[in-house]
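Here, residue 1 is the first one in the sequence, and each next residue gets the next number. Every number for a ligand or one of its atoms is a count from 1 in the order of the listing.
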Amino acid sequence: MHVIILGAPGSGKGTQSEKIKDKYDLFHLSTGDMLRAEIAANSELGLAAKSIMDAGNLVSDEIILGMVANKVNSLNGKHMLFDGFPRTLAQAEGLDKLLAELNTRIASVIQLDVPFDAITARMLARGREDDNAESIRNRLEVFSKQTAPLIEYYQQQGKLSVIDGLGDVDEIFARVTKTLG
Ligand code: B4P
C-alpha cells in the first residue's frame, strides 16, 4: 500500500510519518527532508531551494517531480509513505501518472486536520530556520491556495480520511492506525 500524509505545514506530518513507516514497513519519502539534505550538501538544487523555503514558498513542481521520480524509480516497488508531497494539483497528477507507469497506485490519503492558530504555536516552538512569523503566515496562505484543493482531489477518488491532528502524538497515531487498519 502506498500512503500519502497530507496537511498544512506544521500539522505533524513528519512526526506521524516516523511512526507510520515503522508500523507498516513503508519507505518514508519526505520532500522537505530531501530538500534539506540538498541544502546541507550545498548542491545546486539545495542552493536554489533555500531562499524559496526560507520565504515559505513552494519549490517548483518540475524540480520536485524530478526528485521524487528518481527516488521512486530506485525503490524497486517498495511501498511508500509520501510526506509533504504532493503539495499542488500538478504534483498530484504527476504522482498518479508515475505510479500508473509502475502499475501501482495510492491506496490511502490521511489528512491531518489542525487549526491554524495551533500550527503557528507549534512551529514557533520548533524554531527551524524557516519557522519565523512571516514565513509561517506565508506557508499557511500557500497551503490554503495550492495544497487545500488536493483534499477534494483525493476525496473524489474515494481515498481521503480526515484525522483530527490535535492532541497527544500517540493519541493521533492511534487514530491513524484505526483508519489504515
Ligand atoms: P516540510 O518539511 O514538508 O515541513 P512542514 O510542512 O513545515 O512540517 P510537518 O507537517 O512535517 O510538521 P512536523 O511533524 O515537523 O516543508 C518545508 C518546506 O519545504 C516547505 O515550506 C516548502 O518550501 C518545501 N517543500 C517541501 N515539500 C515540497 C513540495 N512537495 N513542493 C514544493 N515545496 C516543497 O511538526 C511541526 C512541529 O509540531 C514540530 O516541532 C513537532 O514536534 C510539533 N508537533 C507535532 N505533532 C504535535 C502534536 N500532536 N502536538 C504538539 N506539537 C506537535
Residue pair Asp83 / His28, side-chain donor-acceptor N/O under 3.5 Å: yes
Test item, Ser11 contacting ligand 1 (heavy atom, 4.0 angstrom): yes
Selection from Arg36, Met67, Arg122 by shortest heavy-atom distance to atom 48 (C) of ligand 1: Arg122
contact_flag Gly10 ligand 1 heavy-atom lt 4.0 Å: yes
Heavy atom of Ala8, distance to ligand 1 below 4.0 Å: yes
Expected output: side-chain Asp54 to main-chain Ser51 donor-acceptor under 3.5 Å: no
Arg137 bridged to Glu141 by N-O distance under 4.0 Å: no
Options Ile172, Asn138, Thr15, Asp61, ranked by nearest heavy atom to atom 13 (P) of ligand 1, top entry: Thr15
For Gly14, atoms of ligand 1 separated by under 4.0 Å from a heavy atom: 9 (P), 11 (O), 14 (O)
Shortest non-hydrogen separation from Gly46 to Ile39 and the atoms involved: O-CG1, 3.5 Å
Protein residue, atom and distance nearest to atom 31 (N) of ligand 1, heavy-atom basis: Gln91 NE2, 3.0 Å
Step-by-step side chain to side chain contact (heavy atoms under 4.5 Å, CB included) determination, Val68 to Phe82: CA-CA 10 Å; Val68 170; Phe82 294 97; 4.3 Å; yes
Which atom of Ala118 lies closest to which atom of Val114, heavy atoms considered: CB-CG1, 3.9 Å
Atom 15 (O) of ligand 1: the protein heavy-atom neighbour that sits closest, reported with distance to 0.1 Å: Arg126 NH1, 2.7 Å
Shortest non-hydrogen separation from Arg139 to Asp130 and the atoms involved: NH1-O, 2.6 Å
Atoms of ligand 1, numbered as shown, that sit under 4.0 Å from any heavy atom of Asn57: 22 (C), 23 (O)
Pro86 versus Leu95, closest heavy-atom pair with distance: CD-CD2, 4.1 Å
Atom 21 (O) of ligand 1 [closest protein heavy-atom partner, distance rounded to 0.1 Å]: Arg139 NE, 3.7 Å
Any side-chain donor near an acceptor of the partner, Thr88 and Asp61, under 3.5 Å: yes
Protein heavy-atom partner closest to atom 26 (C) of ligand 1 - residue, atom, separation in Å: Arg87 NH1, 3.3 Å
Electrostatic pair Glu38-Lys50, nearest N-O below 4.0 angstrom: no
Part of Leu58 with heavy atoms under 4.0 Å of ligand 1, whether side chain, backbone, both or neither: both
Close approach of Gly167 to ligand 1, heavy atoms, under 4.0 angstrom: yes
Polar atom proximity, Lys13 to ligand 1 (N or O, under 3.5 Å): yes
Atom 27 (N) of ligand 1: nearest protein contact (heavy atom, Å): Thr31 OG1, 2.8 Å
From the candidates Gln146, Glu171, Glu18, Arg128, the one that places a heavy atom nearest atom 17 (C) of ligand 1: Arg128
Sub-4.0 Å atoms of ligand 1 with respect to non-hydrogen atoms of Leu35: 24 (C), 25 (N), 26 (C), 34 (C)
Leu81-Leu102 co-clustered via ILVMFWY side chain contacts under 4.5 Å: no
Contact (N/O only, under 3.5 Å) between Val59 and ligand 1: yes
Give every donor-acceptor pair under 3.5 Å between a side-chain atom in residues 147-156 and any protein atom, sequence neighbours left out.
{"unit_1": "Thr147", "atom_1": "OG1", "unit_2": "Arg87", "atom_2": "O", "d": "2.7"}
{"unit_1": "Glu152", "atom_1": "OE2", "unit_2": "Gln156", "atom_2": "NE2", "d": "3.2"}
{"unit_1": "Tyr153", "atom_1": "OH", "unit_2": "Asp96", "atom_2": "OD2", "d": "2.5"}

Numbering as shown, the atoms of ligand 1 that approach Met53 to under 4.0 Å (heavy-atom distance): 18 (C), 19 (O), 23 (O), 24 (C)
Interfacing atoms of ligand 1 (cut-off 4.0 Å, heavy-atom, Gly84): 27 (N), 28 (C), 29 (C), 30 (N)
